[in-house]
Protein chains: 2
Amino acid sequence: MSAALPPASPPFSTVLDDTIDGPAFSPLYQQIKALLTRSLQGGEWKPGEAIPSEMELAARFKVSQGTVRKAIDELAVDGLVVRRQGKGTFVATHAEEHVQYRFLRLEPDPEGAAGPVERRFLDCRRLRASAEVARALELKLGEPAVQVRRLLLFAGVPVVLDEIWLPGALFKGLTAERLSEYRGPLYALFETEFGVRMLRAEEKIRAVAASAAEAELLAVPEGAPLLSVERRTLTFGDKPVELRRGLYQTATHFYRNELN
Amino acid sequence: MSAALPPASPPFSTVLDDTIDGPAFSPLYQQIKALLTRSLQGGEWKPGEAIPSEMELAARFKVSQGTVRKAIDELAVDGLVVRRQGKGTFVATHAEEHVQYRFLRLEPDPEGAAGPVERRFLDCRRLRASAEVARALELKLGEPAVQVRRLLLFAGVPVVLDEIWLPGALFKGLTAERLSEYRGPLYALFETEFGVRMLRAEEKIRAVAASAAEAELLAVPEGAPLLSVERRTLTFGDKPVELRRGLYQTATHFYRNELN
DNA sequence: GAGTGGTCTAGACCACACT
DNA sequence: GTGTGGTCTAGACCACTCC
């Protein structure tokens with residue numbers, strides 16, 4: 001495509017229809033980004049694999065390298081893809097992340113020694129979605145859902161009690177045994193075994209008092225203040241695929257957040 | 001600067017010294033970004049004002065528009081600057097933000113009506129920095145500091161109790177009267193009256209039990225779980241200029257966070 | 001219409017990783 | 001050396017804002 005000469009088709013050829021809100025202008029690189037996202041979602045390149053080079057993609061889409069580049073830049077910011085200079089661009093994966101827990105913002109207090117992490121699965125049951133779960137996961141009331149409860153211990157001390165809800169339709173063969181034998185992050189299991197990619201999440205954080213059962217599991221007094229972290233995890237198209245309620249004991253750990 | 005011909009000075013002319021860690025390569029746009037940051041910090045352009053156009057800056061720094069553009073892009077991501085198509089690029093300011101509280105991630109529950117915000121200043125005292133305050137603000141133990149305490153009410157209901165610590169040297173004329181007569185966000189006052197720009201912040205979040213005094217101010221039972229949000233706010237050069245401990249009542253509100 | 005940011009191109013060269 | 005992402009340039013045109 002030459003910029004100096006009138007191009008055969010305008011460079012800003014919008015693929016969208018201009019019905020209601022006017023032209024619905026969308027830059028080329030956004031359209032490329034959408035195409036790449038579709039390929040990622042469709043599994044053309046698997047997590048951990050390299051996607052084609054910028055030059056190849058530029059040739060495929062008949063645009064300049066710079067335009068492909070800008071599209072990939074945004075995918076990288078969104079965390080769908082990871083760039084590695086000199087090597088290529090790779091599909092993001094939970095399976096080989098150095099940080100074990102991508103979405104866990106919990107850190108130990110400076111004094112506390114950073115001990116090994118232990119996971120203890122309490123149960124894994126197939127239930128029907130309650131009103132709350134159905135709303136969060138965009139299911140119908142009573143549709144099948146999987147509930148997983150587990151405990152996270154740091155240096156032997158229980159710190160996180162998680163209650164996880166998943167759409168039953170997406171997690172057919174998920175069992176307590178499968179969970180306890182798996183090494184590595186939960187999201188890696190979901191990715192490799194069930195093809196579900198956790199891309200981003202929204203959290204609502206509150207302070208609550210520990211119930212008797214919760215207190216016992218977390219080894220704190222009943223009524224002790226706990227951090228309640230309600231996480232809704234989304235995949236492609238902002239489709240919710242997990243509802244997780246975490247209770248964090250914050251005597252020895254804290255939730256870290258950066259604002260700007 | 002022509003790319004086709006050997007340039008007089010190499011385009012990647014690093015301004016830094018290559019002493020210890022090798023060449024210390026820094027892209028041109030990063031150097032431009034650093035220069036622009038210096039100008040912002042030095043007050044060459046005041047908050048709310050427009051900075052020169054990309055073309056002007058390109059001419060000033062003798063680089064292409066694209067290079068200036070990339071520098072400004074990062075400043076925009078960092079929140080130091082705001083781009084407005086067709087109008088220009090403006091120095092970020094707390095004074096004319098539509099969202100009143102840039103760093104406050106608190107939202108009302110869906111049911112709760114969004115009422116007007118009321119601020120109630122409890123006190124403003126000049127004290128000496130405790131060990132904790134000194135460490136957080138990088139002061140010496142016992143150096144002068146200002147303590148402000150205030151209550152935030154939404155629709156008449158007390159929700160946030162803040163205890164704010166500021167370096168005394170930077171906030172000479174800050175008084176309770178000045179605070180209570182001021183309309184608008186605290187950070188806007190700090191910006192216009194004291195020339196202190198809050199650029200980013202780190203928060204440590206915990207769940208705690210309300211003390212008797214705290215409970216009374218927030219109209220909750222003593223021992224009720226509260227969200228403790230300890231914020232360290234930074235200005236240019238990551239210099240800490242505020243330590244704030246907020247206690248949030250999370251029965252009617254929650255702390256919202258987005259992860260990706 | 002003039003000015004500003006936003007998009008797009010084509011081409012060159014640099015830094016990094018593998019072979 | 002070859003290939004990949006990363007930087008830089010010069011120039012064109014588009015979209016938005018204001019006069």
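In what follows, every chain begins at residue 1, and chains take the letters A, B, ... in the order their sequences are listed. Bear in mind the structure is a predicted one, so any value in this text is a computation, not a measurement.
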* **Within 6.0 Å of CZ in A:R38, more than 12 heavy atoms from elsewhere** =>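 Atom CZ in A:R38 is not packed in, count stays at 12 or less.
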
From the list [options], which nucleotide is the closest neighbour of the side chain of [X]?
| X | options | answer |
| --- | --- | --- |
| B:Y29 | D:dC8, C:dC8, C:dG5 | D:dC8 |
| B:E56 | D:dG6, C:dC8, C:dT4 | C:dT4 |
| A:R83 | D:dG6, C:dA10, D:dT4 | D:dG6 |

[N] [atom2] sits how many Å from [X] [atom1], rounded?
| X | N | atom1 | atom2 | result |
| --- | --- | --- | --- | --- |
| A:E74 | C:dC8 | CD | P | 11 Å |
| B:M55 | D:dT9 | CE | C1' | 12 Å |
| A:R69 | C:dA10 | CZ | P | 17 Å |
| B:I72 | C:dT7 | CD1 | C1' | 16 Å |
| A:L57 | D:dT4 | CG | C1' | 12 Å |
| A:D73 | D:dG6 | CG | C1' | 10 Å |
| B:E54 | D:dC8 | CD | P | 15 Å |
| A:Q65 | C:dC13 | CD | P | 15 Å |

Could you check whether [X] pairs with [Y] (Lys NZ or Arg NE/NH1/NH2 to Asp/Glu carboxylate O, under 4.0 Å)?
| X | Y | value |
| --- | --- | --- |
| A:K70 | A:E54 | no |
| B:E203 | A:R105 | no |
| B:E138 | B:K239 | no |
| A:E242 | A:R232 | no |
| A:R245 | A:E230 | no |

* **All ring pair (Phe, Tyr, Trp, His ring centres under 6.0 Å) counterparts of A:F171, not counting sequence neighbours** =>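 For A:F171, the residues satisfying ring pair (Phe, Tyr, Trp, His ring centres under 6.0 Å) (neighbours in sequence not counted) are A:F190, A:F194.
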
* Identified stems (criterion: three or more consecutive Watson-Crick or G-U pairs, under 3.5 Å), DNA chain C ->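 Looking at DNA chain C, the stems formed by three or more consecutive pairs are C:1-18 with D:1-18.
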
* To do: Tell me which residues in residues 32-44 of chain B put a heavy atom below 4.0 Å from DNA chain D, sorted by number, or none.
  =>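 The stretch gives none, as no residue of it lies under 4.0 Å from the strand.
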
* Asked: Does any residue of residues 84-93 of chain B have a heavy atom under 4.0 Å from DNA chain C, and if so, which ones, in number order?
  ->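 When residues 84-93 of chain B is checked for heavy atoms under 4.0 Å from DNA chain C, the hits, listed by number, are B:R84, B:Q85, B:G86, B:K87, B:G88, B:T89.
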
* **Residues in salt bridge (charged side-chain N to carboxylate O under 4.0 Å, His left out) contact with B:K33, at least two apart in sequence or another chain** =>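 In terms of salt bridge (charged side-chain N to carboxylate O under 4.0 Å, His left out), with neighbours along the sequence ignored, B:K33 is linked to B:E74, B:D78.
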
* Output every pair passing salt bridge (charged side-chain N to carboxylate O under 4.0 Å, His left out) with a member in residues 178-191 of chain B, not counting sequence neighbours, ordered by first then second residue. =>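 Checked against salt bridge (charged side-chain N to carboxylate O under 4.0 Å, His left out) - neighbours excluded - the pairs reaching residues 178-191 of chain B are B:R178-B:E181, B:R178-B:E193.
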
* Ring centers of B:Y248, B:H253 separated by less than 6.0 Å ->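 B:Y248 vs B:H253: aromatic centres not under 6.0 Å.
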
* Asked: Looking at A:F103, is A:R231 sitting on its ring face, NZ or CZ under 6.0 Å from the six-membered ring centre and within 45 degrees of the normal?
  ->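 Negative - A:R231 is either too far from the ring of A:F103 or too far off its axis.
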
